[in-house]
Amino acid sequence: MLDLRRRQFVALLGGAAAAWPLAARAQQPGMLPTIGYLGSATPTTQGQLVAAFVQRLRELGWIEGRTIAIEYRWAEGRAERAAEIAAELVRRKVDVIVTSGTAVVVAAMQATSVIPIVFAAAGDPVGTGLIASLARPGGNVTGLSNQVLDLAGKRLELLREIVPGLGRLALLGNVGNPVVVLDMREAQAAARTLGLEVTTLEIRRGEDIVPAFEALNGHEEALYVVFDALVNTHRIRINTLALAARLPTMHGIRDYVEAGGLMSYGTNFPDLFRRAGDYVDKILRGAKPADLPVEQPTKFDLVINLTTAKALHLKIPESFLLRADEVIE
């Protein structure tokens, strides 16, 4: 199955591409190297991530407006917009494209096989054909994977600690995103292992969210949300609907908890975006993306929102709170 997915994606992308040296503009007096930053969601939802990336660049000597220029563009969770932006950045001849999320990386790869692409986060980049291997990515793409084995099982175990007797779970995700589909399958398998019944809520666009919640039958006892750019853009709406349905939520990113979700467990994404700055630094100094190994997460956070817990009339054990990396009140 893995090989089949890889072949499908490689066919879609037209195969591996040649690496690209630093663009001529960076070698000309008065011309600053330029980063094309293709945000998968919006400035509001990804501001903390951008800040971490830019801060790391500063530490490495790349100061925006002085030693480097950054062109910011935002796809707002829409694949067609990501494709338009990627094509625009290629026309502008940026020196490197920085982005995140498999669907947006695919859009960038379809736009160029020459300009280096750094993904700050992508799920299963080998399985989806973005790269040849973690150690030797090949082509013009490299970056950081946020794939971690058995995260779904860990999240469900944590959810069961908060929701005693949990038996029925709702699972929401954007099935238009191939990585989300894989994550949903992993969550379904983990739920079966724990003896949970699962109701799947499939969305493809923001307009699908309300009808998905309306399809619930009232027997579900918690909601597991699989994140991507689309879901990220609509996270407040999802949390509001979940709270109205009296559903405790499990997310994969802290931002969703800050936006009213109950809790999250997963990769520390600001750390990944910070580390993306190191990749950009190396590429601007002459390294080829094909030779830069893809790295994996090293920091994970458990975050819980006590205000949401109180609204759901959930009593969070003190021992659980002591294990949390952050408690939002």
Side-chain angles (χ1 to χ4, degrees), residues 9 12 36-53 71-89 97-111 117-125 128 130 143-147 171-184 187 200-213 223-242 249-261 264 266-267 269-270 272-273 276:
F9 268 76
L12 173 67
Y37 188 95
L38 203 177
S40 59
T42 66
T44 302
T45 59
Q46 295 191 321
Q48 183 184 18
L49 304 179
V50 174
F53 171 67
E71 296 274 355
Y72 296 98
R73 300 291 187 274
W74 301 95
E76 300 172 350
R78 294 186 285 134
E80 69 278 8
R81 179 160 172 75
E84 293 168 1
I85 294 170
E88 177 197 350
L89 293 175
I97 295 173
V98 176
T99 189
S100 63
T102 301
V104 186
V105 179
V106 167
M109 292 177 73
Q110 289 176 327
I117 299 168
V118 173
F119 52 85
D124 193 9
T128 54
L130 300 183
L144 296 120
S145 168
N146 60 283
Q147 180 192 27
L171 172 64
L172 182 145
N174 171 21
V175 294
N177 183 330
V179 172
V180 169
V181 172
L182 298 178
D183 288 345
M184 291 177 77
T200 303
L201 308 180
E202 298 183 353
I203 64 171
R204 292 180 181 272
R205 54 184 187 152
E207 293 80 1
D208 297 335
I209 295 171
V210 171
F213 275 88
L223 174 67
Y224 183 109
V225 180
V226 179
F227 67 88
D228 77 334
L230 174 65
V231 168
N232 193 28
T233 300
H234 299 282
R235 66 185 188 274
I236 294 177
R237 183 192 304 182
I238 291 169
N239 284 331
T240 300
L241 291 167
T249 50
M250 170 56 82
H251 299 281
I253 303 179
R254 175 198 180 279
D255 293 357
Y256 289 56
V257 182
E258 191 175 42
S264 67
T267 302
F269 279 85
L272 291 186
F273 276 73

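Heads up: numbering here begins at 1 and tracks the sequence. Values reported hereafter were calculated over all heavy atoms of this structure, with side chains retained and with hydrogens, waters and symmetry mates removed.
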Rounded to the nearest 0.5 Å, how far does [atom2] of [Y] lie from [atom1] of [X]?
{"X": "I209", "Y": "H234", "atom1": "CD1", "atom2": "NE2", "result": "5.0 Å"}
{"X": "D124", "Y": "T102", "atom1": "CG", "atom2": "OG1", "result": "8.0 Å"}
{"X": "M250", "Y": "L171", "atom1": "CE", "atom2": "CG", "result": "13.0 Å"}
{"X": "T45", "Y": "I236", "atom1": "OG1", "atom2": "CD1", "result": "9.5 Å"}
{"X": "T267", "Y": "N146", "atom1": "OG1", "atom2": "CG", "result": "5.5 Å"}
{"X": "L89", "Y": "I97", "atom1": "CG", "atom2": "CD1", "result": "5.5 Å"}

What's the shortest heavy-atom distance between [X] and [Y], and which atoms?
{"X": "N239", "Y": "A259", "value": "ND2-O, 3.3 Å"}
{"X": "N174", "Y": "R204", "value": "OD1-CA, 3.4 Å"}
{"X": "P178", "Y": "G176", "value": "CD-O, 3.7 Å"}
{"X": "A107", "Y": "A86", "value": "O-CB, 3.8 Å"}
{"X": "P270", "Y": "A52", "value": "O-CB, 3.4 Å"}
{"X": "A121", "Y": "F269", "value": "CB-CE2, 3.6 Å"}

So, do [X] and [Y] sit near enough that their side-chain heavy atoms are less than 4.5 Å apart?
{"X": "P43", "Y": "Y72", "answer": "no"}
{"X": "V180", "Y": "V175", "answer": "no"}
{"X": "V179", "Y": "T128", "answer": "yes"}
{"X": "V231", "Y": "Y256", "answer": "yes"}

>> Determine whether I85 and V104 satisfy the following criterion, side chain to side chain contact (heavy atoms under 4.5 Å, CB included), listing intermediate values before the conclusion.
In response: CA-CA 10 Å; I85 294 170; V104 186; over 6 Å; no
>> For a side chain to side chain contact (heavy atoms under 4.5 Å, CB included) check, start with the C-alpha distance between N232 and Q46, then their side-chain angles and the critical distance, and finish with the verdict.
In response: CA-CA 9 Å; N232 193 28; Q46 295 191 321; 4.1 Å; yes
[X] side chain to [Y] main-chain N or O, any donor-acceptor pair under 3.5 Å?
{"X": "D208", "Y": "R205", "answer": "yes"}
{"X": "T99", "Y": "L38", "answer": "yes"}
{"X": "R73", "Y": "E88", "answer": "no"}

> Can you check side chain to side chain contact (heavy atoms under 4.5 Å, CB included) on F227 and D183, steps first, answer last?
Replying inline: CA-CA 9 Å; F227 67 88; D183 288 345; 6.0 Å; no
>> Between F213 and T240, is the side chain to side chain contact (heavy atoms under 4.5 Å, CB included) condition met? List the steps.
In response: CA-CA 11 Å; F213 275 88; T240 300; over 6 Å; no
> Taking only residues two or more places apart in sequence or in another chain, which ones pass side-chain hydrogen bond (donor to acceptor under 3.5 Å, both in side chains) with S264?
Replying inline: none
